[in-house]
Peer 1: 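Below is a structure I'd like to ask you about.
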There are 2 protein chains.
Amino acid sequence: MKKFYIAKSRRLRSTPFTSRIENHGVTAYTTYNHMLLPASFGNLEKEYFHLKEHVQVWDVAAERQLQITGKDASKLVQLMTCRNLSKSKVGRCYYAPIIDEKAGMLNDPVALKLDDDKWWLSLADSDIGLYAKGIASGLGLQVEITEPDVNILAVQGPKSFKLMEKVLGKKITELKFFGFDYYLFKGNKFFIARSGWSKQGGYEIYVENREAGQRLYDELFEAGKEFQVKPGCPNLIERIESALLSAGNDFDSGDNPYECGFDKYIDIKSDINYLGKEALTRIFKEGINRKLMGVLIDADKIEITEEIPLYNNNNTVGDLRSATYSPNLKKVVGIAMIKKDFWDKKTPIELKIGDQKSKGTLCDLPIV
Amino acid sequence: MKKFYIAKSRRLRSTPFTSRIENHGVTAYTTYNHMLLPASFGNLEKEYFHLKEHVQVWDVAAERQLQITGKDASKLVQLMTCRNLSKSKVGRCYYAPIIDEKAGMLNDPVALKLDDDKWWLSLADSDIGLYAKGIASGLGLQVEITEPDVNILAVQGPKSFKLMEKVLGKKITELKFFGFDYYLFKGNKFFIARSGWSKQGGYEIYVENREAGQRLYDELFEAGKEFQVKPGCPNLIERIESALLSAGNDFDSGDNPYECGFDKYIDIKSDINYLGKEALTRIFKEGINRKLMGVLIDADKIEITEEIPLYNNNNTVGDLRSATYSPNLKKVVGIAMIKKDFWDKKTPIELKIGDQKSKGTLCDLPIV
């Protein structure tokens with residue numbers, strides 16, 4: 001595949017850690033929420049095996065925080081998501097699909113409840129702040145909607161627990177999955193959640209003070225030597241195998257949350273009020289005709305830049321939306337939107353990768 | 001400056017012309033409205049001189065169209081912009097700054113009135129569709145909001161008129177600036193506006209049928225040989241000299257339209273209704289304390305990835321937001337937000353480019 005450079009500009013915002021990851025050898029970026037998100041340090045497969053065995057520090061500042069405060073903050077957050085947040089607790093994270101009036105998927109943030117009238121939505125790549133501003137203006141809600149200068153450092157991998165304990169003390173190991181709290185490092189307070197965009201375990205540090213965050217970044221590498229720490233980024237192989245869905249890749253506003261497998265984050269039965277509830281209720285009654293599934297393909301490389309149709313003889317089976325070669329499974333692994341007729345996984349599939357025809361099978365998500 | 005690759009994925013959408021521009025030698029992309037936008041074909045300066053003398057065909061599909069139709073379409077478009085559209089005419093384009101409740105700049109699209117109840121907003125890089133959906137939901141407006149599969153080909157440069165006449169016939173030369181109409185090419189109808197993101201003259205072809213658009217693309221290159229046609233893209237040098245402002249680079253939601261010099265697109269006196277009108281009225285009464293201006297710097301290179309502060313001795317003069325070397329002026333040209341004390345252009349400025357100190361002066365926009 002031909003490679004192309006990224007043309008930097010102020011519009012593709014740098015992060016407080018950009019100069020550090022560039023010194024650490026980042027080779028490719030994607031953009032995400034109008035910001036640079038590292039995509040590779042030169043060898044995706046090596047990074048994959050390293051992530052599964054050791055610990056990595058990731059500049060994921062591009063996971064921007066949408067801060068909603070004020071008397072109507074909780075009302076506005078609920079209006080945007082089909083997940084029932086009426087019993088949500090301060091100090092907890094909630095995966096919360098955001099939908100439009102037609103129940104199309106707009107984003108899938110982690111919603112963090114900082115206080116009864118203060119939320120952060122840790123966003124995937126779309127301007128949900130504009131959606132929130134529009135709704136608030138239309139309804140005259142009493143809210144303040146901002147994007148605070150919060151820049152996330154993720155510490156991911158099985159050795160992340162030991163590294164974080166070494167740097168921040170024993171207390172950090174008591175944090176439960178999807179909980180968050182404040183921790184001290186050299187006199188600065190850091191908001192830390194036990195979360196992250198891998199299934200290898202770890203933390204996300206919500207850096208609110210740039211210089212303090214840079215010092216913490218440096219300390220994580222200094223203290224991490226004994227754990228073989230390396231710089232990293234969300235890993236395409238690991239995230240597809242683990243079925244960590246990517247908004248804009250695996251789903252978009254043409255898909256509804258049932259089709260994405262988000263059933264447990266949907267509440268159409270209680271009396272909560274959100275946009276798209278009517279549409280979702282209708283979709284539930286009618287049932288869905290397609291859903292996201294895993295795909296295993298007999299091939300040793302692939303690059304996805306748009307949907308690739310999957311066939312069985314001349315029948316369309318569905319569309320492949322993300323895929324990469326897995327050195328673990330020795331196959332291409334992918335995520336695809338699959339028609340109902342083929343959910344039984346019995347039908348072999350065919351597709352064209354470039355000019356080559358390949359064969360494969362469907363499987364459940366997560367793949368591994 | 002170190003260079004980095006762009007990591008492609010479905011989320012950074014390709015266009016119907018991507019394979020063509022890659023065959024034509026594109027070397028760098030930026031992203032814009034979640035889509036690939038070519039940024040260079042290898043030599044910005046050569047492309048600059050070529051654009052000013054000949055004709056280029058640009059893949060600017062990333063200028064996505066937000067389509068708003070329905071009974072309340074005009075009402076919704078007016079709610080989002082401070083420009084008075086009450087006397088707008090079908091068949092005309094309107095540069096229409098979009099602001100939020102605090103009068104912060106969200107986008108600066110060209111609004112095309114296709115019918116009394118049908119608009120396209122040809123967007124800069126932010127998800128205004130979500131803003132529109134939020135407002136429409138909040139107010140219960142009767143509108144349909146979509147992003148149709150419209151992909152713009154721009155034909156720009158002084159010879160664009162002759163090339164378009166050769167391909168589409170005499171009638172295209174009668175189209176007035178910022179007007180649009182439908183034209184036939186080999187049996188397919190094309191929506192064409194006399195507009196474009198350069199000051200060198202030209203057209204934007206709003207391609208609604210992908211295959212027909214690809215055939216037209218190929219024909220423009222075939223017929224364009226005698227006019228020395230080349231592939232191109234919005235040119236950083238030309239657009240800064242011409243003061244074609246770039247949303248996200250030169251301004252963002254922290255800036256208001258008066259600060260951007262958009263006075264003639266602001267109406268606070270008539271009785272039209274839009275979000276941010278109260279804030280804009282207050283800003284007008286109080287007056288602004290900073291505005292966008294041009295900058296000329298004695299240097300032969302620069303790369304902007306974030307605001308660069310401008311000083312006079314120890315006083316902050318403002319912030320440089322876009323800049324590049326102009327082979328025409330033999331200086332770095334830039335666009336900066338400048339404090340009121342320095343608007344008289346008499347004060348020399350200093351800044352650091354990397355580790356080097358440079359000097360310069362302020363000037364009006366456009367620079368050339």
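Residue numbering restarts at 1 for every chain, and letters A, B, ... go by the order of the sequence lines. All heavy atoms count here, side chains included; hydrogens, waters and symmetry mates do not.
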Peer 1: Examine whether an atom of A/Ala132 lies under 4.5 Å from a heavy atom of chain B, and if so say whether it belongs to the side chain, the backbone or both; otherwise answer neither.
Peer 2: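 The answer is neither part of A/Ala132.
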
Peer 1: Put together the list of donor-acceptor pairs under 3.5 Å connecting chain A with chain B, please.
Peer 2:
from, atom 1, to, atom 2, distance (Å)
A/Lys2, NZ, B/Glu22, O, 2.9
A/Phe4, O, B/Ile6, N, 2.9
A/Tyr5, N, B/Thr27, O, 2.9
A/Tyr5, O, B/Tyr29, N, 2.9
A/Ile6, N, B/Phe4, O, 2.9
A/Ala7, N, B/Tyr29, O, 2.8
A/Ser9, OG, B/Asn249, OD1, 3.2
A/Arg10, N, B/Asn249, OD1, 3.3
A/Arg10, NH1, B/Asn249, O, 2.6
A/Arg10, NH2, B/Asp252, OD2, 3.0
A/Arg11, N, B/Asn249, OD1, 2.7
A/Arg11, NH1, B/Thr31, O, 2.7
A/Arg11, NH1, B/Asp125, OD2, 2.9
A/Arg11, NH2, B/Thr30, OG1, 3.0
A/Arg11, NH2, B/Thr31, O, 3.3
A/Glu22, O, B/Lys2, NZ, 2.8
A/Thr27, O, B/Tyr5, N, 2.9
A/Tyr29, N, B/Tyr5, O, 2.9
A/Tyr29, O, B/Ala7, N, 2.8
A/Thr30, OG1, B/Arg11, NH2, 3.0
A/Thr31, O, B/Arg11, NH1, 2.7
A/Thr31, O, B/Arg11, NH2, 3.3
A/Thr31, OG1, B/Thr31, OG1, 2.7
A/His34, ND1, B/Asp125, OD2, 3.1
A/Asp100, OD2, B/Lys133, NZ, 2.5
A/Glu101, OE2, B/Ser137, OG, 3.3
A/Lys102, NZ, B/Glu144, OE2, 2.6
A/Asp125, OD2, B/Arg11, NH1, 2.9
A/Asp125, OD2, B/His34, ND1, 3.1
A/Asp127, N, B/Asp127, OD2, 2.7
A/Asp127, OD2, B/Asp127, N, 2.8
A/Lys133, NZ, B/Asp100, OD2, 2.5
A/Ser137, OG, B/Glu101, OE2, 3.3
A/Glu144, OE2, B/Lys102, NZ, 2.6
A/Asn249, O, B/Arg10, NH1, 2.6
A/Asn249, OD1, B/Ser9, OG, 3.2
A/Asn249, OD1, B/Arg10, N, 3.2
A/Asn249, OD1, B/Arg11, N, 2.7
A/Asp252, OD2, B/Arg10, NH2, 3.0

Peer 1: Can you list the residues that meet the side chain to side chain contact (heavy atoms under 4.5 Å, CB included) rule with A/Leu139, with sequence neighbours excluded?
Peer 2: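 For A/Leu139, the residues satisfying side chain to side chain contact (heavy atoms under 4.5 Å, CB included) (neighbours in sequence not counted) are A/Leu79, A/Ile135, A/Leu141.
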
